[in-house]
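Here is the structure we will look at.
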Amino acid sequence: MNQASFPPVDEQVALLERGAVDLIDTEQLREKLQRSIKTGTPLTVKTGFDPSAPDLHLGHSVLLRKMKHFQDLGHRVIFLIGSFTGMIGDPTGKKATRPQLDREEILTNQKTYERQVFKILDKETTVIDYNDRWLGKLGSDGLVKLAGRYTLARMMERDDFRKRFRDNQPISIHELLYPLLQGYDSIALQADVELGGTDQLVNLLVGRDLMKEQGMEPQVVLTVPLLVGLDGVEKMSKSTGNAIGLEEEPTEIFGKTMSIPDDLMWDWYLLLTDTPEDEIEEKRRQVAAGDLTAKAAKQQLARRLTARYHSDSDAQYALEEFERVFAQGGAPDDTATMAARPDEPLTKLLVRTKLATSNKEAHRLVTQGAVSIDGERASDPFAPLESRSAPYLIKVGKRRFVRLEVS
RNA sequence: GGAGGUGUGGCCGAGUGGUCAAAGGCAGCAGACUGUAAAUCUGCCGGGCAACGCCCUACGGUGGUUCAAAUCCAUCCACCUCCA
């Protein structure tokens, strides 16, 4: 087997530290990298994924991209699906106990996961593993033994547990076991590095402790920030509705990126693109100085992200479409065409074509001047459209369009 | 086993018999403005009706009291707290 060769330590550390929140600790990482170069052995990098969230979004991609960095440097990246721990439910950051998943749900989710994950990770070299492989075998004796290595007091150092305890919120015993099992994963995989979101820090550190107890060299812990979502406030999550899914359409990825607050784009540049940091700084300076418009800077970002998950031409198209629709008020290419009769009042038309959800809303929209027909603002909610050969272009608000053929 | 509390529109949260389609906030939608689906300001924000008004449905479920109930009573359900 050929010995792998790796870039110099400094170069590796620089890439790995980019965008990271915690690195515990840097010295140890350097040692591990040094040794890896000397022996030609890649580091084993572990990242755990909860199998309950199969719809990945850009927030998840921050972590996946960090994994990719390790991959690009030639290290061995393990994508660990918490098939066993998923049945328990990670208590991190939760005010209430999570629902437990059953085996079948987890299996379905795993497939969806793989399809999305390889949009970022290298399919050839990624090792996918499942922690029920060893946790299933652990048995109750093994589990009790494992639990014997940690104390309640140390567990209660965690903020989320402490708060729930103080507020008389229930904490199930199995939730206390979760960090221990996650730490045991690191032992089983002999991880050199474990990656996670910054909210995972405490869990990751438990892994370090357990490894030390086991007489192993503890893993290095590296965390990445939680990406702030479209609203510019909350962390990105599907349930908050401020997410961009990895599988969304080009125009959606583009448009949604354009809707983030201007200030947020620098974070996104750092965490979601490979743009060199000094280049990002330069852009930021230019925008501050007025040499570059925030819109242009954001469009570059949107283009890059769209191209990343689709193609260059898709991204270019999304950009042109955005300009056409929002800057010039035109209609997008894929505007649906529907048919209508000449005696149908406007409000009914809007409801039937799904441009409004109720007659009441349709009426309201017309009254507020949100509806235009062929570019002319409509004022009469009840006026029908006259029959003619060319279709009408109906626009509601800024981004809802329908072509209507009236005959 | 006992005592008590809570349940309001997508979410949070006021409201203790009529003036309540229900304050306020968030989210959402729209208009103005703009380089943006940014920011800001303004308006809207249950449904039906050719419609600045009329009607219907709604405050955990059901059934009552009353001319009148989100508000009072009974009962059921759900969640929570305390005592044992």
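Within every chain, numbering begins at 1; the chains are lettered A, B, ... in the order of the sequence lines, protein sequences first and strands thereafter. The figures that follow rest on heavy atoms only: side chains count, while hydrogens, waters and symmetry mates do not. Please read these numbers as outputs of a predicted model, since none were measured by experiment.
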Ring centroids only, cut at 6.0 angstrom: are A:His60 and A:Phe49 within range, meaning strictly under it?
no
The contact string for nucleotides 29-35 of chain B, one letter per nucleotide 5' to 3', using protein heavy atoms under 4.0 Å with B, S and - for base, sugar-phosphate only and none, comes out as SSSS--B
With C1' as the reference atom in both, quote the distance from B:A27 to B:A78 in angstrom, rounded to an integer.
26 Å
Looking at B:G46, I'd like to know if its phosphate oxygens (OP1 or OP2) sit under 4.0 Å from a side-chain N or O belonging to A:Ser358.
no
For the P atoms, the ones on B:G10 and on B:A84, what distance do you get once it is rounded to whole angstrom?
42 Å
Taking atom types as modelled, find out whether A:Thr275 and A:Glu279 have a side-chain donor-acceptor pair closer than 3.5 angstrom.
no
Within the structure shown, what part of the strands sits under 4.0 Å from A:Thr357 by heavy-atom distance: base, sugar-phosphate, or nothing?
nothing
Which whole number of Å gives the distance between the C1' atom of B:G15 and that of B:U6?
16 Å
Which value, rounded to the nearest 0.5 Å, describes the distance between A:Met236 atom CE and A:Asn242 atom CG?
6.0 Å
When you check the phosphate oxygens OP1 and OP2 of B:G47, does a side-chain N or O of A:Arg364 lie under 4.0 Å from one of them?
yes
Rounded to whole angstrom, note down the P distance from B:A58 over to B:A50.
24 Å
Taking the P atom in each of B:G2 and B:G13, what is the distance between them to the nearest angstrom?
31 Å
Show me the donor-acceptor pairs within less than 3.5 Å that the side chains of residues 207-228 of chain A make with the rest of the protein, sequence neighbours left out.
residue	atom	partner	partner atom	Å
A:Arg208	NH1	A:Ile24	O	3.3
A:Arg208	NH1	A:Gln28	OE1	2.9
A:Arg208	NH1	A:Gln219	O	2.9
A:Asp209	OD2	A:Tyr150	OH	3.3
A:Asp209	OD2	A:Arg154	NH2	2.6
A:Gln214	OE1	A:Arg149	NH1	3.0
A:Gln214	OE1	A:Arg149	NH2	3.1
A:Glu217	OE1	A:Arg35	NH2	3.0
A:Glu217	OE2	A:Lys32	NZ	2.7
A:Glu217	OE2	A:Arg35	NH2	3.3
A:Gln219	OE1	A:Ser186	OG	2.9
A:Gln219	NE2	A:Ser186	OG	3.4
A:Gln219	NE2	A:Glu194	OE1	3.0
A:Gln219	NE2	A:Leu204	O	3.1
A:Thr223	OG1	A:Asp22	N	3.0
A:Thr223	OG1	A:Asp22	OD2	2.7

Every protein N/O lying under 3.5 Å from an N/O of nucleotides 49-51 of chain B:
residue	atom	partner	partner atom	Å
B:C49	OP1	A:Lys348	NZ	2.4
B:C49	OP1	A:Asn359	ND2	3.1
B:C49	OP2	A:Asn359	ND2	2.0
B:A51	N3	A:His363	NE2	3.4

Geometric cation-pi criterion A:Arg324 and A:Phe326, 6.0 Å radius, 45° cone:
no
